[in-house]
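Here the structure is laid out as structure tokens; the discussion comes afterwards.
As the structure lists them, so they are numbered: ligands from 1, and atoms in each ligand from 1. Atoms considered below: every heavy atom in the structure, side chains included; atoms not considered: hydrogens, waters and symmetry mates.
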Amino acid sequence: MLNRETTDLRLSLPSKGRLAEETLDFMSDCGLTVYRPNPRQYEAVIPALPSVRVLFQRPPDIVVSVREGTVDFGITGLDVVEERKGDQNEVLVIHDALNFGQCRLNLAVPEAWSDVSTVDTLAQKVKTFNRKLRVATKYPELTGKFLQSKNIEHILIPAEGTLETAPSIGYADMICDIVSSGQTLRDNRLVALPDGCLLNSQAVLIANRDSLVNRPEALQAARFLLEFFEAHLRANENLSIFANIRGESPEAIAESIFKSCHIPGLQGPTISRVIVREPGENWYAVNIIVQRSNLFQAITELRSIGGSGVVVTPVKYIFDEEPPRYTALLKTLMEYQS
Ligand SMILES: Nc1ncnc2c1ncn2[C@@H]1O[C@H](COP(=O)(O)OP(=O)(O)OP(=O)(O)O)[C@@H](O)[C@H]1O
Ligand SMILES: O=P(O)(O)OC[C@H]1O[C@H](OP(=O)(O)OP(=O)(O)O)[C@H](O)[C@@H]1O
Ligand SMILES: [Mg+2]
């Protein structure tokens, strides 16, 4: 366990595994690059956020440190958060969708069990056993609760490393583990039960509740992290479009834009007069933010109202008046205090 002798704020990031690199990339994309002077050191700094010291831990250990309060913030998978957060609400998920590390926690049975295709048919099969179902998993809390809710008599076999081999080696009947592409299951002749998904997971930001309640500087750091995470994630979904449009007036152009479906902008279009060399037609420059997925329709619509010279650029950040998840966090903290 970590000692808590100093009063600085601490953020724990994954030290190994697939979340490690993606977390550092995400922090950089948010403008919060983590600077680790020596790759073998388990400490680092974020120059943009000097009040916070960065530590590196295994993804499941991050949850335990945040729960115990030795660390104030952590980024890890929702799967390990739900498994280890305990029942005292010490761990708050303050951003639930960082948009990387997507996977699901799923029950999987041997391909050879042709009579099992759902959790119900699994329950029926177990009744024909003269013993309990043996399930290998790194998620005993979540798996135990799920099987109990389905009245399936079971014993959990704790496992480290590649537990997909447990059924073929013979120390378990089936498994409950992380599935992403499904390749590992196929390689091991296992099938995921479609209604046996316990949890959809991705990387999340967690915080120690007492730290947020008792330390104003922790709440300030939470706001800072949420500001940049949300501004980056929102910006990523959008593109900025500039186009020149001929028209009577800015209002007339705005009217045609509002009649179109995919180019309303955030609040509305920004329209400014283009000063042309030769007097004659009125030209206006229009700037709108559109959803990345709507780009093609947006360009088609702009052309149909006379748009030309359409320039599309990525957006780095979109800051709201206040990050919506920070507003939600303040509400949650109020509820705990009342
Ligand atoms: N195939 C995957 N695709 C996407 N995310 C994944 C995948 N496997 C794991 N994750 C996410 O990454 C987290 C860490 O998994 P990882 O495999 O890196 O470590 P681990 O399995 O806890 O450690 P170890 O492999 O040493 O047992 C998981 O808790 C989960 O949130
Ligand atoms: O559905 P897939 O895309 O095949 O991903 C699932 C696999 O990914 C994870 O393991 P990882 O690759 O991290 O290796 P590990 O066993 O060393 O943790 C998980 O434990 C599964 O084994
Ligand atoms: Mg793994």
Side-chain angles (χ1 to χ4, degrees), residues 1 11-27 29 34 36 39-40 42 54-67 71 73-86 91-111 135-146 156-169 171-207 229 233 236:
M1 202 180 93
L11 163 68
S12 231
L13 303 181
S15 57
K16 63 174 275 289
R18 55 181 76 223
L19 288 182
E21 203 182 318
E22 282 187 275
T23 303
L24 293 180
D25 290 346
F26 173 78
M27 292 294 287
D29 293 344
V34 176
R36 196 175 184 174
R40 272 168 309 192
Y42 277 76
V54 174
L55 306 178
F56 295 94
Q57 292 186 284
R58 290 180 59 238
D61 297 343
I62 293 175
V63 186
V64 177
S65 296
V66 172
R67 191 182 73 210
V71 163
F73 299 101
I75 293 181
T76 187
L78 182 64
D79 53 339
V80 288
V81 174
E82 291 300 329
E83 177 66 22
R84 291 178 181 238
K85 68 180 183 189
V91 178
L92 298 183
V93 175
I94 65 173
H95 198 304
D96 58 345
L98 299 182
N99 209 23
F100 64 94
Q102 285 93 345
C103 56
R104 62 186 209 274
L105 182 63
N106 220 106
L107 297 179
V109 300
E111 263 175 22
V135 185
T137 188
K138 293 180 202 169
Y139 299 83
E141 274 292 316
L142 296 172
T143 310
K145 273 194 198 131
F146 184 84
L156 299 172
I157 317 275
E160 287 299 321
T162 347
L163 52 89
E164 283 88 353
T165 54
S168 60
I169 296 172
Y171 67 86
D173 301 306
M174 58 176 285
I175 67 164
C176 182
D177 198 19
I178 293 299
V179 182
S180 173
S181 65
Q183 192 56 46
T184 312
L185 291 185
R186 283 191 290 280
D187 291 347
N188 290 281
R189 302 189 153 274
L190 297 168
V191 198
L193 295 181
D195 59 346
C197 175
L198 281 61
L199 177 83
N200 285 307
S201 179
Q202 60 176 294
V204 297
L205 173 66
I206 55 175
F229 287 6
L233 289 166
N236 230 11

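- By the criterion of a heavy-atom distance under 4.0 Å, neither the backbone nor the side chain of Leu185 is placed next to ligand 2.
- Close approach to Ser180 involves these atoms of ligand 1, each under 4.0 Å from a residue heavy atom: 1 (N), 2 (C), 3 (N).
- Below 4.0 Å from some heavy atom of Val80 lie the following atoms of ligand 1, by number and element: 29 (O).
- Checking side-chain atoms of Ser180 against main-chain N and O of Cys103 turns up no donor-acceptor pair under 3.5 Å.
- Among Glu164, Lys16, Arg18, the residue whose heavy atom lies nearest to atom 9 (C) of ligand 2 is Arg18.
- Scanning Gln202, Glu83, Lys138 for the heavy atom closest to atom 21 (O) of ligand 1 points to Lys138.
- With hydrogens and angles disregarded, a donor-acceptor distance shorter than 3.5 Å links the side chain of Thr137 to the backbone of Cys176.
- Considering all non-hydrogen atoms of both residues, Asn200 and Cys197 come closest at OD1-SG, 4.0 Å.
- Taking every heavy atom of both residues into account, Met174 and Ala108 meet most closely at CB-O, 3.2 Å.
- A heavy-atom separation below 4.0 Å is found between Lys16 and ligand 1.
- Considering both main-chain and side-chain atoms, Thr162 never comes within under 3.5 Å of ligand 2 through any nitrogen or oxygen pair.
- The Ser181 neighbourhood of ligand 2 comprises atoms 1 (O), 2 (P), 3 (O), 4 (O), with distances under 4.0 Å to a heavy atom of that residue.
- Asn106 places a side-chain N or O within 3.5 Å of a backbone atom of Leu193 that can act as its donor or acceptor partner.
- Taking every heavy atom of Gly17 and a limit of under 4.0 angstrom, the matching atoms of ligand 1 come to 18 (O).
- Closest heavy-atom contact between Ile178 and Leu105: N-CD1, 4.1 Å.
- Interface of Ile178 with ligand 2, defined as ligand atoms under 4.0 Å from a residue heavy atom, comprises 6 (C), 19 (C), 21 (C).
- In this structure, a donor-acceptor pair under 3.5 Å is absent between the side chains of Glu164 and Thr184.
- By heavy-atom distance, the residue among Glu22, Arg58, Gln102 lying nearest atom 4 (C) of ligand 1 is Gln102.
- For the pair Arg36 and Tyr42, the cation-pi criterion (under 6.0 Å, within 45° of the ring axis) is fulfilled.
- Note: an N/O pair closer than 3.5 Å links Gly182 and ligand 2 by distance alone.
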